[in-house]
Student: 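Shown below is the structure under consideration.
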4 protein chains.
Amino acid sequence: MRFFSDNAAAAHPKVIEAIARSNQVDTAYDGDEWSGRLDGAFSELFETEVRAFWVTTGTAANCLALAALCPPYRGIICHKDAHIEVDEAGAPGFFTGGAKLMLLDGPGAKVTPEAVAAECERIRKDVHQVQPAAVSITNATEYGLVYRAAEVAALGELAKERGLALHMDGARFANALATTGEGPADVTWRVGVDAMSFGFIKNGGLNAECLILFRTELADEIAVRRKRAGHLASKGRMLAAQILALLEGGLWLDNARSANAAARALGDAVGDRLIYPVEANEIFLRVTRDEAASLLAQGFDFYDWGPGEIRLVTSWDQRAEDVEQLAAAIAAL
Amino acid sequence: MRFFSDNAAAAHPKVIEAIARSNQVDTAYDGDEWSGRLDGAFSELFETEVRAFWVTTGTAANCLALAALCPPYRGIICHKDAHIEVDEAGAPGFFTGGAKLMLLDGPGAKVTPEAVAAECERIRKDVHQVQPAAVSITNATEYGLVYRAAEVAALGELAKERGLALHMDGARFANALATTGEGPADVTWRVGVDAMSFGFIKNGGLNAECLILFRTELADEIAVRRKRAGHLASKGRMLAAQILALLEGGLWLDNARSANAAARALGDAVGDRLIYPVEANEIFLRVTRDEAASLLAQGFDFYDWGPGEIRLVTSWDQRAEDVEQLAAAIAAL
Amino acid sequence: MRFFSDNAAAAHPKVIEAIARSNQVDTAYDGDEWSGRLDGAFSELFETEVRAFWVTTGTAANCLALAALCPPYRGIICHKDAHIEVDEAGAPGFFTGGAKLMLLDGPGAKVTPEAVAAECERIRKDVHQVQPAAVSITNATEYGLVYRAAEVAALGELAKERGLALHMDGARFANALATTGEGPADVTWRVGVDAMSFGFIKNGGLNAECLILFRTELADEIAVRRKRAGHLASKGRMLAAQILALLEGGLWLDNARSANAAARALGDAVGDRLIYPVEANEIFLRVTRDEAASLLAQGFDFYDWGPGEIRLVTSWDQRAEDVEQLAAAIAAL
Amino acid sequence: MRFFSDNAAAAHPKVIEAIARSNQVDTAYDGDEWSGRLDGAFSELFETEVRAFWVTTGTAANCLALAALCPPYRGIICHKDAHIEVDEAGAPGFFTGGAKLMLLDGPGAKVTPEAVAAECERIRKDVHQVQPAAVSITNATEYGLVYRAAEVAALGELAKERGLALHMDGARFANALATTGEGPADVTWRVGVDAMSFGFIKNGGLNAECLILFRTELADEIAVRRKRAGHLASKGRMLAAQILALLEGGLWLDNARSANAAARALGDAVGDRLIYPVEANEIFLRVTRDEAASLLAQGFDFYDWGPGEIRLVTSWDQRAEDVEQLAAAIAAL
């Protein structure tokens, strides 16, 4: 039973249908009918004018945005456990042309205004030290924690004061909103976010993510950077169609709610093994090496997260019986 | 009726079926069953051990390979009309970290050994001038011309003598082979090609291209570069499945033969308007501005190729009646 | 007798004295007294507020400026014989992060408004083709031709219309002004130049060039880029002192006048062998291979400039008797 | 009295004389007589064949070497206080094309085999995490500590085992050797160092540093990278002449011994205020804010090194009476 990664889940049937339905002759690249509807769909969702760019990976969505927000000779403040730091093979360095990630510490991969301010203070304001240009946060974080609007607002204010751009890696943005009940606008542009990655692939999509620009004046640059990075698909309609299928009728939120519910159920069952509160669809547990081995032997798969810790991730299509079996197995350890 | 671009065509139904069939839980990235079969499938096709990497665009396939073949401080010799020069938004500069494209002239976007040798001679062998590291050719060329094995062999020998790598942009590789009847191995590694882009998207695929490495020792580097460029899809099985569907039973060659046949029929009909012989699925015609306008008005779409020239491209699914109608319309001009 | 390159000449004695005189404890980098006087000295010379940055090579001066004027994903229009294209080992690609040089043809390495406009027209205004961001001209050109203020003005107007920045490589700027008698301001910021390299090394300096910013808002970026490229010298006073010594009392113009006079004398003597008019300190001659060999055998050194052509360059310290001897030797061929 | 930085000191008179003496016509760039003697001089010093490249800053020397030792998609393990991390404005990212610095902690900015091994272990061996390609150490360190041959040997062995290159930033290499009495070869290539920066500017030079390659097969690449980075001076003889003047008769070691002796004298005088043992020419002291202010008011200048700490650096020309006065002033605090 898979608790390994939401990345590995199947796509939602409606997504596959949308791909099939959009498989017809149309203008190449992003000149087609489906791609043409993206800006409007996201502008409606975010209650303001935005520009939306499909890409095929979260790494591309993150790093294209960061390249537009941070020149090669400056830095991006982020958590030391941020996906852009630990799981993108140095892509920020590649896309930005050598900008520096400036790493913060702190529990649950959460970025706090205090930590950002301290990092800014630490840096001498001279030409010998790299100066920051942006802050990047992940919502939900790599440890499944969620930013409330007020938290992002505090970061947004600080960023503005310091002249820093604010970027959100929203690979699990849907999971975050499904928990807080806050609206997409409330935790993004209204509180200072300049650009974000809106994740679909972990949430029922097949291979489409979306880069959302709240600073729409960057759209031309992003369009060129996307092409230049080999991310302008010839038949982009298949990417737009996936995203539209997930947006339609709020399927993206329904999927996230399902995944979150499975995680919460599991979290409730495992009691004090929890390392972090379960706020989205990731669960981090304390288990001994032997216990982990026992769970694996029983057919549960998950990620070994260092000595004495494992990571479980639930997906939009997680079966209730799998969750129950795993909960029972953990209880029986 | 569409004669605009094979890029804009629909994907073959078997490709869509393959995507749907592969839509199941499996290991993320390229650890799945379908991706695991790629190396074997292409090694069989090429009659030697190769390494195959799916990506989602031809630009990515070309430029990842070029980055591995050419360091940032050297150059890539190619035709001035090569796709990497005129249609990839400077992607070679981005992926290589600033390597220089060294442009050759000559009819039909074809690279000749004479032109390559002359370019090498032109460059002073000192530290002030950029020295070439690779040659890149496109087969079929941007003008629909095809390289025979002997032609590639001459370039391969020259490249070897000069210490240059040889890259092939095979966005329309299938169309080239469908014309010459030569085998995949005959025009590639057997005659000196080090790496190539094997195109599927213009030939019935949806969004999967393949980078083929004949110099398999570069595989680890390519794997990292692919990830770093945001081209390692989470659900890569959907890319591998497309490619395998097109390889199976030679569907890729059948598709190319269909497209070529349509182009040949059109070429035969238009007589001396042809600017280049029709060797693949592209037709370049001399038409006046008024004639072009008349064709557009009749519902044919195509690419304006500068003063007095138009480009027509046929696709795997080109309907015979469209070709007939266009031929008649041209005859009636 | 040396007619090889003004690069190889000795520095003026006053430059050496200035280095020795500035050899005392002072603040490191550019915080010293001499460096502090540069902005003022050049602002006075240019009759407007400028920012001046010493560097140690013309390549650094050119490419730092270009990196600030052109983002990685755009292009720089220049002549195909421009130093940045043929003699800087791809430095523009390195400093800009992969921007493209867009090459113009035309006699004497001179850039004309017509050629720039044609290049702009040639480029499709879409995301697939690299769009230009800047024009770079060399004054005096690589063939020793000089731009008059009106010529630069025509380029400046065109650049403004097209939204392009205008850069001047002034490695031999002094030689150009010594000929035209126009003022530094007249051929630069007053006619649209945004940034320039002001050359001293070929004109009596030892190892100091100066990057001049007319768009002073780019100064902070240039300061960081200079450091980041390893061009912020610890004891920068030795660079500033050289430049100030050459500016003082107009030594830079005197030196250029000497070099130009030697070139003119030589040009007058060689008659119809001249390939280009002698407008600065470079002379290009038609000589047969045997004639060139004969001159070399007589102890004259110069640059072989391809079949049937040689390049002679005079320096600030060129001796009159050397010029006379060479003129006689050429006459006797 | 200056205890601010050895960077700010005057050059040794013999260096200025050498610059003046080499100020004569010779071949441009590094084709001159002085530059031609560098390889031999350093090969003799290091008792093996090396290739030596003058550059004008330590940043250039470090980062050119790192670019040749580490591809853009890998990382360089170094101390979090290393000059390349904190004082080069992100130059490693620029020169390498985006490689990552992987930061170690530990007292005195010293890199230990244990820390390197732990960092290697921490990195998952997959395509998502950046893999290291090199280790860089600074000798003497940024806190004035010195590596003995045995210490470098342990790092060299580990690097070899792990397939990592080993780089030494030797901005204060002379000061290190002056303390240990070990030979240049003993702490470099004999114990696994592949390339180093050999510092002269902080040790009596004016603006010449030297990049030494023990892996001589990288020489062609370095030569091109140097040019491409704008670091190939036209009149390179002035750089070579400085270095040769300092090598001659062991002046470089004499200078370092003077600076070290001054530091030792000071260290001996300040007793338990010392934060690190004085092993080269840097002294780090615990002083209160008021004490620091008092010293400044008495005319001593130095670097504020964060709360309660100051840095003092002695130079080759440090006057004994200045040291005595400062020692007395500290004693009187």
Student: So, using side-chain contact (heavy atoms from CB on, under 4.5 Å) as the criterion, who are the partners of Ala154(C) when residues are at least two apart?
Tutor: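 With neighbours one apart ignored, the set is Pro113(C).
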Student: As an exercise: rank Pro72(A), Ala223(A), Gly97(A), Gly98(A) by heavy-atom pairs under 4.5 Å with chain C and give me the winner.
Tutor: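 Looking at each option in turn, the highest pair count goes to Pro72(A).
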Student: I'd like a table of the N/O donor-acceptor pairs between chain C and chain A - cut-off under 3.5 Å, distance only.
Tutor:
| residue | atom | partner | partner atom | Å |
| --- | --- | --- | --- | --- |
| Pro72(C) | O | Arg228(A) | NH1 | 3.4 |
| Pro72(C) | O | Arg228(A) | NH2 | 2.9 |
| Tyr73(C) | OH | Glu221(A) | OE1 | 3.3 |
| Gly97(C) | O | Arg228(A) | NH2 | 3.3 |
| His128(C) | ND1 | Lys227(A) | NZ | 3.3 |
| Glu221(C) | OE1 | Tyr73(A) | OH | 3.3 |
| Lys227(C) | NZ | His128(A) | ND1 | 3.2 |
| Arg228(C) | NH1 | Pro72(A) | O | 3.4 |
| Arg228(C) | NH2 | Pro72(A) | O | 2.9 |
| Arg228(C) | NH2 | Gly97(A) | O | 3.3 |

